[in-house]
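What follows is one structure encoded as structure tokens, with my remarks underneath.
Excluded from the calculations below are hydrogen atoms, water molecules and symmetry mates; all remaining heavy atoms, backbone and side chain alike, are included.
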2 protein chains.
Amino acid sequence: MIKKQYSTEQRIVDAARSVFVERGFAAARMKEIAGKAGLNQALLHYYFKNKDLLFERVFQDAVRTFFPLIISILESDKGIEEKMTDLVHTYVDFLKANPHVPGFLIHEVTQNPNRLTKFLRTEALPVPVKLIRQYQDGVAAGKYIPIDPIQLIVSVIAMCVFPFVARPMIQTVFGLDNGAFESFIENRKDQITHFIINGMYR
Amino acid sequence: MIKKQYSTEQRIVDAARSVFVERGFAAARMKEIAGKAGLNQALLHYYFKNKDLLFERVFQDAVRTFFPLIISILESDKGIEEKMTDLVHTYVDFLKANPHVPGFLIHEVTQNPNRLTKFLRTEALPVPVKLIRQYQDGVAAGKYIPIDPIQLIVSVIAMCVFPFVARPMIQTVFGLDNGAFESFIENRKDQITHFIINGMYR
DNA sequence: TTTATATTTAATTGTTTGGTTAAACTTTAT
DNA sequence: ATAAAGTTTAACCAAACAATTAAATATAAA
């Protein structure tokens, strides 16, 4: 019974993720989610009392995958260059496997910031103090340009995430079909790594 | 009569922009737009046959402000460094005045890419060939690092736009109140300019 | 002044949606 | 075998929504 319960609930959550991530909360339809999960709406409501509770589950799962990966890379014991390289490569590969998640999170947090605030009250995200200290030490030693390490982190994440978030726009404006866009992303990993590391050095 | 017609239609469009940009197409309500414009729903439909037509108008106006500014800066006759500085400063200032527009466009293009495709069929966007050539010449002369100038353009735009698009997320994760976020953006202009120009040079 | 256009109010319409209900059936656990 | 939990079907509900209608009034143009 435990096995069966897991399977039905997980089927619902997987279907819901698919629909919510594609359409967003407001445009997603419970009827569609039920259909995708291969069950009826009554059962959907047996497991999740309402749309908002189901959404919360999907949202929380998405946040749990999106942020901790960044933090663990930034907080490793390696040197900055290696961490930046790791971050770009690992993160872009993660985004390739989950291309719609950042856009989904950004939009839904914008629509309802309380969702993230509430989540972080129970599962706080550590500030990447190691990376920050490493960078500040490098600035003091005259090795890196004097910018705020938080700005650097935001910039690196921006450069990784933005092409996924704005994918249709970039494809349309620059006339890239799907194959060309995938090459663009694959090439991008080394190119922005080079640009970032080069940019940090004085 | 012309004066009056402009005023009512423009009032509707302004109200619609406000609501669509904040809530997105799916969650925006015609009733709310009518209320914000200070008129009734029948009049709303007298001027715009349906929700989609009204949205198209707002969308097109937004696209018309978002992209051409980038292109005009990238295609000026100035040197690359000056153009990058101009782009960051001008663009961030534009975004400060219209903070929700990029997020709105990105989300709505993702939900319905045809809107942008259709728009660009009638109002094509030039590719910034001058900037591209300038960068490629610099690479050939051994002055800049060998990356694709399109990647550079995407990165610069990413660094300008992302903090606005992901503002609530960044504020929440880094614990910035509104004042601190505004300082962050103001500081960011010079910091990313420095980072970008430094990053380009070999 | 007359005609055309713009505007309003209040009510209505048809559809969609999230959610509920009841009863029957199936599966699982004891 | 019985009881509990899971699942289904079909119908229903109330609310919300975009859009419409009819009639009256106000404003602008000819």
Side-chain angles (χ1 to χ4, degrees), chain A residues 1-62 104 107-108 111-112 114-115 118, chain B residues 1-62 104 107-108 111-112 114-115 118:
Chain A
M1 205 275 279
I2 285 177
K3 189 169 182 179
K4 188 74 174 184
Q5 176 171 340
Y6 171 83
S7 172
T8 301
E9 182 176 327
Q10 198 56 50
R11 268 166 57 208
I12 294 173
V13 170
D14 290 345
R17 179 186 308 110
S18 163
V19 176
F20 280 132
V21 162
E22 183 184 344
R23 300 190 191 287
F25 178 78
R29 296 293 177 259
M30 295 297 262
K31 183 173 169 178
E32 187 180 355
I33 291 168
K36 263 203 160 88
L39 43 82
N40 56 78
Q41 270 180 274
L43 193 60
L44 190 56
H45 288 278
Y46 176 83
Y47 277 91
F48 294 91
K49 174 121 183 70
N50 57 45
K51 187 177 183 181
D52 207 72
L53 284 178
L54 181 56
F55 183 84
E56 275 295 321
R57 171 69 182 276
V58 170
F59 178 81
Q60 289 177 6
D61 288 350
F104 162 72
H107 179 68
E108 299 301 335
Q111 293 299 312
N112 192 343
N114 285 336
R115 292 196 198 272
K118 201 175 70 175
Chain B
M1 206 277 279
I2 285 176
K3 189 166 181 180
K4 189 73 173 185
Q5 177 171 339
Y6 172 84
S7 171
T8 302
E9 183 176 327
Q10 198 55 49
R11 270 166 57 208
I12 293 172
V13 171
D14 291 345
R17 179 186 308 110
S18 163
V19 177
F20 280 132
V21 162
E22 183 185 342
R23 299 188 194 287
F25 178 79
R29 297 290 175 261
M30 295 298 262
K31 183 174 170 180
E32 186 179 356
I33 291 167
K36 267 206 157 84
L39 41 83
N40 56 79
Q41 272 181 267
L43 194 60
L44 190 55
H45 288 276
Y46 176 81
Y47 278 90
F48 293 91
K49 172 121 184 73
N50 57 43
K51 187 176 182 180
D52 207 74
L53 283 179
L54 181 56
F55 182 83
E56 274 296 320
R57 172 68 182 274
V58 171
F59 178 82
Q60 289 176 8
D61 288 351
F104 162 73
H107 178 69
E108 299 300 336
Q111 293 299 310
N112 192 344
N114 286 336
R115 292 198 199 269
K118 201 176 68 175

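Rounded to whole Å, atom C1' of D/dA18 lies 17 Å from atom CZ of B/Arg23. As rounded to whole Å, 14 Å separates atom P of D/dC17 from atom CZ of B/Phe25. For the pair A/Ile12 CD1 and D/dG6 C1', the computed distance is 11 Å after rounding to whole Å. One can place CG of B/Leu43 at 18 Å from P of D/dA22, the figure rounded to the nearest angstrom. For the pair B/Gln41 CD and D/dA22 C1', the interatomic distance rounds to 17 Å; values are reported in whole Å. Between the CD atom of A/Glu9 and the P atom of D/dT7 there is a distance of 10 Å, given to the nearest Å. Whole-Å rounding puts the B/Leu44 CG to D/dT20 C1' distance at 13 Å.
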Full working for salt bridge (charged side-chain N to carboxylate O under 4.0 Å, His left out) between B/Arg17 and B/Asp14: CA-CA 5 Å; B/Arg17 179 186 308 110; B/Asp14 291 345; 3.2 Å; yes

A/His45 and A/Met30: CA distance, side-chain angles, deciding distance, side-chain contact (heavy atoms from CB on, under 4.5 Å) verdict: CA-CA 9 Å; A/His45 288 278; A/Met30 295 297 262; 4.0 Å; yes

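Taking side-chain N and O atoms only, B/Tyr46 has no distance below 4.0 Å to OP1 or OP2 of D/dT20. Applying the 4.0 Å criterion to OP1 and OP2 of C/dA6, one finds that B/Thr8 has every side-chain N and O outside that range. Under 4.0 angstrom from either OP1 or OP2 of D/dT8 there lies at least one side-chain N or O belonging to A/Asn40. Under 4.0 angstrom from either OP1 or OP2 of C/dG18 there lies no side-chain N or O belonging to A/Lys49. When the side-chain nitrogen and oxygen atoms of A/Lys31 are compared with OP1 and OP2 of C/dG19, none of them lie within a distance under 4.0 Å.
When distances are taken from the side chain of B/Arg29 to each of C/dT8, D/dT7, D/dC17, the shortest belongs to D/dC17. In this structure, of C/dT7, C/dT20, D/dT20, it is C/dT20 that holds the atom nearest to the side chain of A/His45. Which of D/dT8, D/dA18, C/dA10 sits closest to the side chain of B/Ala42 comes down to C/dA10. Comparing C/dT8, D/dG6, D/dA19 against the side chain of A/Tyr47 picks out D/dG6 as the nearest.
Between the side chain of B/Gln111 and the backbone N or O of A/Glu22 there is at least one donor-acceptor pair closer than 3.5 Å.
Sequence order on DNA chain C of the closest nucleotides to B/Gly38 and A/Met30 puts B/Gly38 first from the 5' end.
A/Leu39 comes within 4.0 angstrom of sugar-phosphate atoms only, judged by non-hydrogen atoms across all strands, and of no base. Within the nucleic acid shown, A/Ala28 comes within 4.0 Å of sugar-phosphate atoms alone, with no base atom in reach, counting heavy atoms only.
Using cut-offs of 30° and 60° for the angle between ring planes, the B/Phe25 and B/Phe20 rings count as parallel.
Checked against A/Arg115 for a side-chain hydrogen bond (donor to acceptor under 3.5 Å, both in side chains), the options A/Glu56, A/Glu108, A/Gln60 give a single hit: A/Glu56.
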